[in-house]
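Worksheet for the structure shown next.
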Amino acid sequence: MVGFRTDFVLTYPFNPLPKSADSSPNIAKTVRSKDKQMTIGIGILGCGRISRHHFSAAQALAPRAKVVAACDVDARLLNERCDQFDVARRVSAVEELARCAEVDVVVVVTPPHVRLAVAQPLLEAGKHLLVEKPFTESMAEAHAIVDLAARLGRQVAVNQNYRWYDAIIHTRGLIQSGRIGAPTYAVIHDCVWRDEVSGWRRETTRLALAVMGIHWLDRLRWLLMDEPVAVSSLTGMRPTLASQGENETTTIVEFRNGALATLTHSWSSQTRGRANFQQFDGPQGSLVLSEDAEVTLYSGEEEQRWSFARDFTASFGASLRLLLDAVESGQEAPHSARDNLMTMALLEACYLSAAERRRVEIAPVEGQVW
Ligand SMILES: NC(=O)c1ccc[n+]([C@@H]2O[C@H](COP(=O)([O-])OP(=O)(O)OC[C@H]3O[C@@H](n4cnc5c(N)ncnc54)[C@H](O)[C@@H]3O)[C@@H](O)[C@H]2O)c1
């Protein structure tokens, strides 16, 4: 990679998922009662555009869980959502939500710049959290939330819901069962026209990679089942889309086991539609995904194809269900905030690489293993 220096190392704690409950002893194992039959009270913080998927995903988990309260600084949106989903308790400040004794778990659906400010009072009030992606806007803030949750024995998970589409669960299963061998090469190409740049999306200086690319960066970790060690990224900001942040990006990720991955991700493609293609190559075969709905396995002479529904709301429900499992069992969730530190480190490395036009390394902490 001509033009990239390699003298910078970005470090992050290399946190494997715990092997047993004993490795995360401080996680609270109960909600409000030891009675597992008790309905878990859900609070939703932020009643904007994407929140309706969280409301309906939580509703679908009844009687295990019930949305008992919602909060938004915007009274119109708050009432609209609460009327739509029949939620009685409506509050306008996070501190009020934190005081709601009937709320056990809060789903944080605010814009990314409002994370630590809302997570802190909620965690201190004993709530467990499902936080929307991107987890935070900085590594320091991400660490602060992870450390606070660990100290208070609360669970925090991140809604990396792109892990839970049926096509992805199937693909991961094929990779885990060795159908293509250990992946050595991956390509994700996602170029779209996103004329949705309004509100905080118009203001943020971190757009394509942080808001949508984070799903693809996390996907690379999730399907390659390895950790990134270096990133080379370039970004562009084209006037076709009125944004303060990047809307065209190209990234190369190097993994610890030598695998290479490329992500091309744009928000300003003049196709005005969606162009999504994903490929994972291993020594025994290749997997090709289209639109997270169709999976094709190529192996020798063999070619097998599967089609799946891409259920967006159900993927939100899976994130919440897995968090509830974690709260009840005391085991760390697979999409825990601690796990997400690695996805965040990858994102940070991309922005640093793009800003300084060089290759950035990501170093694991010595002695810890995947
Ligand atoms: N997982 C996914 O597939 C997916 C898809 C879209 C958006 N998101 C994420 O969801 C989050 C929200 O996105 P959105 O499109 O719904 O944004 P939005 O702007 O439509 O809604 C955010 C809401 O939060 C409220 N809010 C802001 N600060 C608050 C505070 N301190 N207290 C109470 N309410 C507050 C706002 O009034 C607004 O109603 C973002 O992090 C975004 O990246 C995730």
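Counting convention: from 1, in listed order, for ligands and their atoms alike.
Under a 4.0 Å N-O distance rule, the pair Arg151/Glu124 does not qualify as a salt bridge. Ion pair Arg219/Asp190 not flagged as a salt bridge, since none of the NZ, NE, NH1 or NH2 atoms sits closer than 4.0 Å to an Asp/Glu carboxylate oxygen. Using a cut-off of 4.0 Å between Lys/Arg side-chain N and Asp/Glu carboxylate O, Arg99 and Glu95 are scored as not salt-bridged. One finds a salt bridge joining Arg90 and Asp83 here, because a Lys/Arg side-chain nitrogen approaches an Asp/Glu carboxylate oxygen to under 4.0 Å. With salt bridges taken as basic N to acidic carboxylate O contacts below 4.0 Å, none links Glu291 and Arg310.
Here the heavy atom of the protein found nearest to atom 32 (N) of ligand 1 is Val73 CG1, 3.8 Å. Ranking protein heavy atoms by distance to atom 22 (C) of ligand 1, first place goes to Val109 O, 3.6 Å. Nearest non-hydrogen protein atom to atom 20 (O) of ligand 1 is Arg49 N, 2.9 Å. Protein heavy atom nearest atom 7 (C) of ligand 1, with residue, atom name and distance: Arg201 NH2, 3.4 Å. Scanning all protein heavy atoms for the shortest distance to atom 11 (C) of ligand 1 gives Thr110 O, 3.3 Å. In terms of protein heavy-atom proximity, atom 27 (C) of ligand 1 is nearest to Pro111 CD, 3.5 Å. Distance from atom 1 (N) of ligand 1 to its nearest protein heavy atom, with residue and atom name: Asn161 OD1, 2.8 Å.
Contact annotation for Leu45 and ligand 1: only side-chain heavy atoms (C-beta onward) come within less than 4.0 Å of the ligand. Residue-level proximity to ligand 1 for Glu132 is carried by the side chain, the only part with a heavy atom below 4.0 angstrom. Heavy atoms of Arg115 found under 4.0 angstrom from ligand 1 belong exclusively to the side chain.
Checked by atom type and distance alone, the side chain of Asn159 never pairs as donor or acceptor with a backbone atom of Lys133 at under 3.5 Å. Remark: side-chain polar atoms of Arg81 are paired, donor with acceptor, to backbone N or O of Gly48 under 3.5 angstrom. For Gln155 (side chain) and Ala326 (main-chain N/O), a donor-acceptor pair under 3.5 Å exists by modelled atom type.
By the 4.0 Å heavy-atom criterion, Gly199 is excluded from the residues contacting ligand 1.
The atoms of ligand 1 that sit less than 4.0 Å from any heavy atom of Gly48 are 16 (O), 20 (O), 21 (O), 23 (C), 39 (O). Every atom of ligand 1 is numbered from 1 in the order shown, and the set under 4.0 Å from a heavy atom of Asn159 is 1 (N).
Around atom 6 (C) of ligand 1, the closest heavy atom drawn from Val114, Ile50, Leu77, Val91 belongs to Ile50. With Asp72, Ile44, Asp74 as candidates, the residue nearest to atom 39 (O) of ligand 1 on a non-hydrogen basis is Asp72. The heavy atom nearest to atom 19 (O) of ligand 1, out of those in Trp200, Tyr162, Phe312, Phe135, is found in Trp200. Nearest to atom 42 (C) of ligand 1 by heavy atom, out of Arg81, Glu95, His53, Lys133, is Lys133.
The line from NE2 of His54 to CG of Leu320 is 8.5 Å long, rounded to the nearest 0.5 Å.
Residues Trp200 and His113 place their aromatic rings such that the two centres sit no closer than 6.0 Å.
Using the six-membered ring where Trp is involved, Trp216 and Tyr162 have ring planes that are perpendicular, over 60° apart on the 30 and 60° scheme.
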